[in-house]
2 protein chains.
Amino acid sequence: MANSYIQSLITESLSELNLTAKQKAVLTASLKLFSEKGFERTSTHDIAQSAGVSEGTVYKQFKTKEGILAAIIEPFIQKVLPKAVAKFTAEMTKTSFPDFNDFLLALIRNRMTFAFDNMPQLRIILHEVTTNEAIVSRLENHFQKLLVGPMASIFKKYQETGQLVKWPTNRILRYIVTTIMGYVLPAALARQTINIEQVSREAAEFLLKGLKP
Amino acid sequence: MANSYIQSLITESLSELNLTAKQKAVLTASLKLFSEKGFERTSTHDIAQSAGVSEGTVYKQFKTKEGILAAIIEPFIQKVLPKAVAKFTAEMTKTSFPDFNDFLLALIRNRMTFAFDNMPQLRIILHEVTTNEAIVSRLENHFQKLLVGPMASIFKKYQETGQLVKWPTNRILRYIVTTIMGYVLPAALARQTINIEQVSREAAEFLLKGLKP
DNA sequence: TACTAGTGAGTGAGAGCTTACTCACTAAAA
DNA sequence: TTTTAGTGAGTAAGCTCTCACTCACTAGTA
């Protein structure tokens, strides 16, 4: 469900650029190589070979190697991320789980699925983020604008019904996000998968206790 | 306290190699540049210039550029990390805080101080870890051998006095570590400092609730 | 229908640089 | 005198990016 939706987001943002089959091959090959070896250790020769095109083709569409990286990261930060968040918050406000436990579980499951569906992109961003301050501040900005705002009103409901501790939205979000990351990051780095269902329950159990009033 | 101890660990591991002043300058310059720009974007020319030596000097001691990276990462993983953990667990078992809250606070404060004292090294490892599986599995191994073992017996005490939930050591550690990372990582990436004292209390408050039986 | 002109994605050899690494040499210490 | 740290110009490999060229295809013309 979340899977196919995310997939369509990616294919959409790809087809929007109306690229030829070969240009798309360049992007998908770059995504794979960048996430496996890192941007700097991937040569344009590698990309061309992996995509089955000539190096000239790589540079027809993307003027520089950095341009390929931007063509991967930018749509993800500017389109995939915001759309996924918007869709999720809309779903949450509509469904309106009366029980905070159910809300937490849905949230964690949703976010973990998203992370695993977009593992290559997330790995690339994680790598870049350590040496690129610009991306860090843009992601921070996104976190504030996209997440903190919508979540505040949702949290308020649970706080008023005495199910959620009355801490600032920022603080509550930090614990939720980092607890999820605590499961996703090791798996991402070790290139392993996890049992999302089981792990979500585990994380929800802990967070529910920690975020009780 | 923790600060000066860690500092001495680094200087010790540096002087153990009994390097000349220029060779040490090469290492400290590399540490700075690698953590700021990343290993691949740092040239040996940059290192030589920053250290105020010739490129030949760089290669007198370290046979390859990878060798410089290893000379930074290896002592950290094999000596600094284990010693810091050993010293901490020894301190904890000796002092034996009767109150789990006090233990948690000491633990978090200690770990955060360590992280900020070793920020450059941690940034380099974070960057490398995304493209180097070998380091990942070695760190995982360290986590198991160094942390899980000693912590198990400490946790047992608090579990028996009804202050700590009876979850596996691994699970409890995961939540403690990730909660700390939730404060340290954003600061590390944004290259900012945080109020360790205030933030430690915040984190301890959350963890105490989440880890109550 | 047959011919021609035009288009643009794709090619790959190679220009131009950067980079990691070497080595013949110097200066100074032992 | 021997040894050793340090030097920096030099080298070869590898990188990004360019550009003159090909060729399948389309659209207009006779």
Side-chain angles (χ1 to χ4, degrees), chain A residues 11 13-74 124 127-128 130-132 134, chain B residues 11 13-74 124 127-128 130-132 134:
Chain A
T11 18
S13 60
L14 264 184
S15 55
E16 255 172 38
L17 297 165
N18 61 317
L19 300 170
T20 64
K22 297 216 171 188
Q23 303 294 355
K24 283 178 192 168
V26 168
L27 274 190
T28 42
S30 300
L31 179 68
K32 182 171 179 286
L33 292 171
F34 288 169
S35 76
E36 282 170 2
K37 311 199 297 178
F39 174 76
E40 300 90 349
R41 276 180 237 228
T42 303
S43 68
T44 48
H45 176 81
D46 291 340
I47 294 171
Q49 200 160 38
S50 175
V53 302
S54 71
E55 273 199 74
T57 302
V58 172
Y59 281 91
K60 254 284 149 56
Q61 178 70 29
F62 310 102
K63 302 309 168 211
T64 64
K65 196 184 152 196
E66 291 273 350
I68 306 174
L69 184 66
I72 291 172
I73 289 184
E74 287 309 313
I124 293 173
H127 187 77
E128 286 309 303
T130 55
T131 51
N132 189 332
Chain B
T11 19
S13 60
L14 264 184
S15 55
E16 256 172 36
L17 297 164
N18 61 317
L19 301 170
T20 64
K22 297 215 171 189
Q23 303 294 355
K24 283 179 194 169
V26 169
L27 273 191
T28 42
S30 300
L31 180 67
K32 181 170 178 287
L33 291 171
F34 288 169
S35 76
E36 281 170 2
K37 311 199 298 176
F39 174 76
E40 299 92 347
R41 281 190 243 250
T42 303
S43 68
T44 49
H45 176 81
D46 289 341
I47 295 171
Q49 199 160 38
S50 175
V53 303
S54 71
E55 272 198 74
T57 303
V58 173
Y59 281 92
K60 256 280 148 57
Q61 177 70 27
F62 310 100
K63 303 309 168 211
T64 63
K65 195 184 152 195
E66 291 273 348
I68 307 173
L69 183 66
I72 290 171
I73 289 184
E74 287 308 314
I124 292 173
H127 186 77
E128 286 308 305
T130 56
T131 51
N132 190 333

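Keep in mind it's a predicted model, so treat the numbers as computed, not measured. Below, read A as the first sequence line, B as the second, and so on, with proteins coming before strands; counting in each chain starts at 1.
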I'd like a table of atom pairs between the protein and nucleotides 28-30 of chain C - only N or O on both sides, under 3.5 Å - with the distance next to each one.
none

Atom pairs under 3.5 Å, N or O on each side, protein against nucleotides 19-22 of chain C: can you list them with distances?
unit_1	atom_1	unit_2	atom_2	d
C:dA20	OP1	B:Lys65	NZ	2.8
C:dA20	OP2	B:Thr44	N	2.8
C:dA20	OP2	B:Thr44	OG1	3.1
C:dC21	OP2	B:Tyr59	OH	3.0
C:dC21	OP2	B:Lys65	N	2.7
C:dC21	N4	B:Glu55	OE1	3.0

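- Atoms OG1 and CD1, on A:Thr131 and B:Ile124 in that order, are 12.0 Å from each other to the nearest 0.5 Å.
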* To do: Mind running side chain to side chain contact (heavy atoms under 4.5 Å, CB included) on A:Glu66 and A:Leu69 for me, showing each step along the way?
  => CA-CA 5 Å; A:Glu66 291 273 350; A:Leu69 184 66; 4.3 Å; yes
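- B:Val58 comes within contact range of no nucleotide atom at all, as no heavy-atom separation falls under 4.0 Å.
- When heavy atoms are screened at a 4.0 angstrom cut-off, A:Thr20 is found touching the sugar-phosphate backbone but no base atom.
- When all heavy atoms of B:His127 and B:Phe39 are compared, the pair lying nearest together is CD2-N, 4.4 Å.
- Taking every nucleotide of DNA chain D with any atom under 4.0 Å from a non-hydrogen atom of chain A, the first and last of them, 5' to 3', are D:dC15 to D:dT18.
- For B:Ala25 against B:Ala51, the heavy-atom pair with the smallest separation is O-CB, 3.5 Å.
- With sequence neighbours excluded, the residues forming a side chain to side chain donor-acceptor pair (under 3.5 Å) with A:Ser43 are A:Asp46, listed by chain and number.
- For B:Ser30, the side-chain contact (heavy atoms from CB on, under 4.5 Å) partners two or more places apart in sequence, or in a different chain, are B:Val26, B:Phe34, B:Ile47, B:Ile68, B:Ile72.
- Listed here is the closest heavy atom pair of B:Phe62 and B:Ala71: CE2-CB, 3.7 Å.
- Heavy-atom minimum distance, A:Ile73 versus A:Glu128: CD1-CG, 4.0 Å.
- Atom NZ of B:Lys32 is surrounded by 12 or fewer heavy atoms from other residues, nucleotides or ligands within 6.0 Å.
- For residues 51-60 of chain B, the set of pairs meeting the side chain to side chain donor-acceptor pair (under 3.5 Å) definition, not counting sequence neighbours, comprises B:Thr44-B:Glu55, B:Ser54-B:Thr57.
- On a pure distance criterion of 3.5 Å, no polar donor-acceptor pair joins the side chain of A:Lys22 and the base of C:dG10.
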